[in-house]
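Here is the structure we will look at.
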Number of protein chains: 2
Amino acid sequence: MTQPSRKEREYLRHRGEVLEAALMLFARQGFHGTSMQQIADAAEFSVGTLYKFFPHKEEIYKTLIEETADRFHAGLIAALETPGDEINKLQTAVETKIRIFLDNLDRVRIYFAETQGASLNVKTGLDAAIKNRYNDYLERLSAIFAAGIKKKIFHKQDPYLLALAFDSLSMTFLVEHMDHPGRHPFDAETILEIFLQGASFKK
Amino acid sequence: MTQPSRKEREYLRHRGEVLEAALMLFARQGFHGTSMQQIADAAEFSVGTLYKFFPHKEEIYKTLIEETADRFHAGLIAALETPGDEINKLQTAVETKIRIFLDNLDRVRIYFAETQGASLNVKTGLDAAIKNRYNDYLERLSAIFAAGIKKKIFHKQDPYLLALAFDSLSMTFLVEHMDHPGRHPFDAETILEIFLQGASFKK
DNA sequence: TTAGTTTATGAATATGTATTCATATTGTCA
DNA sequence: TGACAATATGAATACATATTCATAAACTAA
């Protein structure tokens, strides 16, 4: 395919500016709390112009969510490909998750609103698209746990539950950090320790 | 105070029926996806009559969320009061959480939409009321971990992080169960094992 | 049974905002 | 520079639905 022309590049840049403005607003006010007028003002376009880029409001939101799901999925999958043993892979996975999360706070907010809340998922079928990517990640993580169990690195448990437990632990700490930065400091090692060693001493 | 009259009792019963109908709809369609007309139809009242019980739609939602927060909070706090050592308390806490959760699936759905998503919390200040109760629970749980650490039952870690980790683990498994019942069976013991022993063998 | 009172009803109103489109503005090329 | 095309604008439109309130229905007590 050929180079995009100046005009095309400009169109894409403007479209990106609309997305950025919308992201900020959706993250702070939610989908229903944000009007097209607000997005237009923030992006320094008229409402009419927004419709040059997107057929309707939902499409803006949907685009953001899907971009986000893609970005997160790609990053996490790559992390699991780290060479080394299973513990190594987990370590990279946590570190990556922390980095991606902190670099994309606004995206995390709308992603959560969509996956946990009941904003639009039912209507738009966004749900399925997002969940597929997350399931794919969890399946790969499960495979790592399954391998680790075979090697007697991990206790025998349903690998999927271990994957869920592992992923939710980092998620929880990150959300805590998002709400109260610095109140309960932790790093990748804290998460790994708690997850791998457990809370109690062996009896 | 005196007995409520027949009329008062009937009023309260009808109000309860409205709440029940609204709960079902909000859980399936979210706040914005549910109209007053739908609630009226489901409760077998006219729209006008709904306004005899609640000044506006938000108040119905708010009432449901607050009822839910109270119910969950009371149950969980009571569980932490269990006599016995720290491990005992955790065991009862998980069992209670599982029971409350499974007995109140619709309430769990709207509670999540409200706490995780960005439905109304900003506008109504619901957020603060809910979070206070949850924080209170987490603080009490932290105290248990702090005590357990002093007794050398638990590893030395920020007790609040342990509380978060513990609570989110059961939450995660329950949500998985809600989405795919039976796919990855678990019980209170599974949760305790993973949390207390950790995933890996000691090195 | 009926006059008076209370309560329920749902059509009409009010409001907010997503979307459209006639017009203005900007850009292009001779 | 001016005529034409492409693009941007935002006031007007369309629509959805929360809320109101004049009226109907149900109830109460003499």
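Proteins get letters first, then strands, A, B, ... in listed order; numbering begins at 1 in each. As the structure is a computational prediction, the values presented were derived from the model and not from experiment.
- Salt bridge present: A:R13 and A:E17 bring a charged side-chain N and a carboxylate O closer than 4.0 Å.
- One interatomic measurement links the two molecules: NE2 of A:H32 to P of D:dT17, which rounds to 11 Å at whole-angstrom precision.
- The pair A:E67-A:R107 meets the salt-bridge criterion, since a charged nitrogen lies less than 4.0 angstrom from a carboxylate oxygen.
- Across the protein-nucleic acid pair, A:H14 atom NE2 and D:dA8 atom P stand 8 Å apart, rounded to whole Å.
- In this structure, CG of B:L50 is placed 11 Å from C1' of C:dA8, rounded to the nearest angstrom.
- Proximity of the aromatic rings of B:Y137 and B:F166 is defined here by a centroid distance below 6.0 angstrom, and this criterion is not met.
- To the nearest angstrom, P of C:dT9 lies 11 Å from CD of B:Q37.
- By the 30° and 60° cut-offs, the orientation of the rings of A:F145 relative to A:F154 is tilted.
- Between B:E44 and A:M36, the residue anchored closer to the 5' end of DNA chain C is B:E44, taking for each the nucleotide with the nearest heavy atom.
- Rounded to a whole Å, the NE2 atom of B:H56 is 11 Å from the C1' atom of D:dA18.
- No donor-acceptor pair under 3.5 Å is formed between the side chain of A:Q197 and the backbone N or O of A:I194.
- The distance between atom CD of B:E8 and atom P of C:dT6, rounded to the nearest whole Å, is 15 Å.
- Within the 4.0 angstrom heavy-atom criterion, only backbone atoms of the sugar-phosphate kind lie near A:S35; the bases stay farther away.
- Atom CD in B:E17 sits about 15 Å away from atom C1' in C:dA8, given to the nearest Å.
- In this structure, A:K52 and B:G48 both approach DNA chain C, and ranking their closest nucleotides by distance from the 5' end singles out B:G48.
- Proximity note for A:S46 (side chain, C-beta onward) versus D:dA18, C:dT9, D:dT9: the nearest is D:dT9.
- Relative ring orientation between A:F72 and A:Y111 is described as tilted, the plane-to-plane angle lying within the 30° to 60° band.
- Taking only side-chain atoms of B:Y51, from C-beta outward, the nucleotide of D:dT19, C:dT9, C:dT20 with the closest atom is D:dT19.
- Protein atom CD of B:E59 is 15 Å distant from nucleotide atom C1' of D:dT19, rounded to whole Å.
- Taking the C1' atoms of five terminal pairs at each end of the helix from C:dT1-D:dA30 to C:dA30-D:dT1, the two resulting helix axes are inclined by 0°, rounded to 10°.
- Among the nucleotides C:dA18, D:dT19, D:dA6, the one closest to any side-chain atom of A:K7 is D:dA6.
- Closest to the A:T49 side chain, of the nucleotides D:dA18, C:dT20, D:dT9, is D:dT9.
- Comment: B:R133 does not engage B:D136 in a salt bridge, judged by the lack of any side-chain N to carboxylate O separation of less than 4.0 angstrom.
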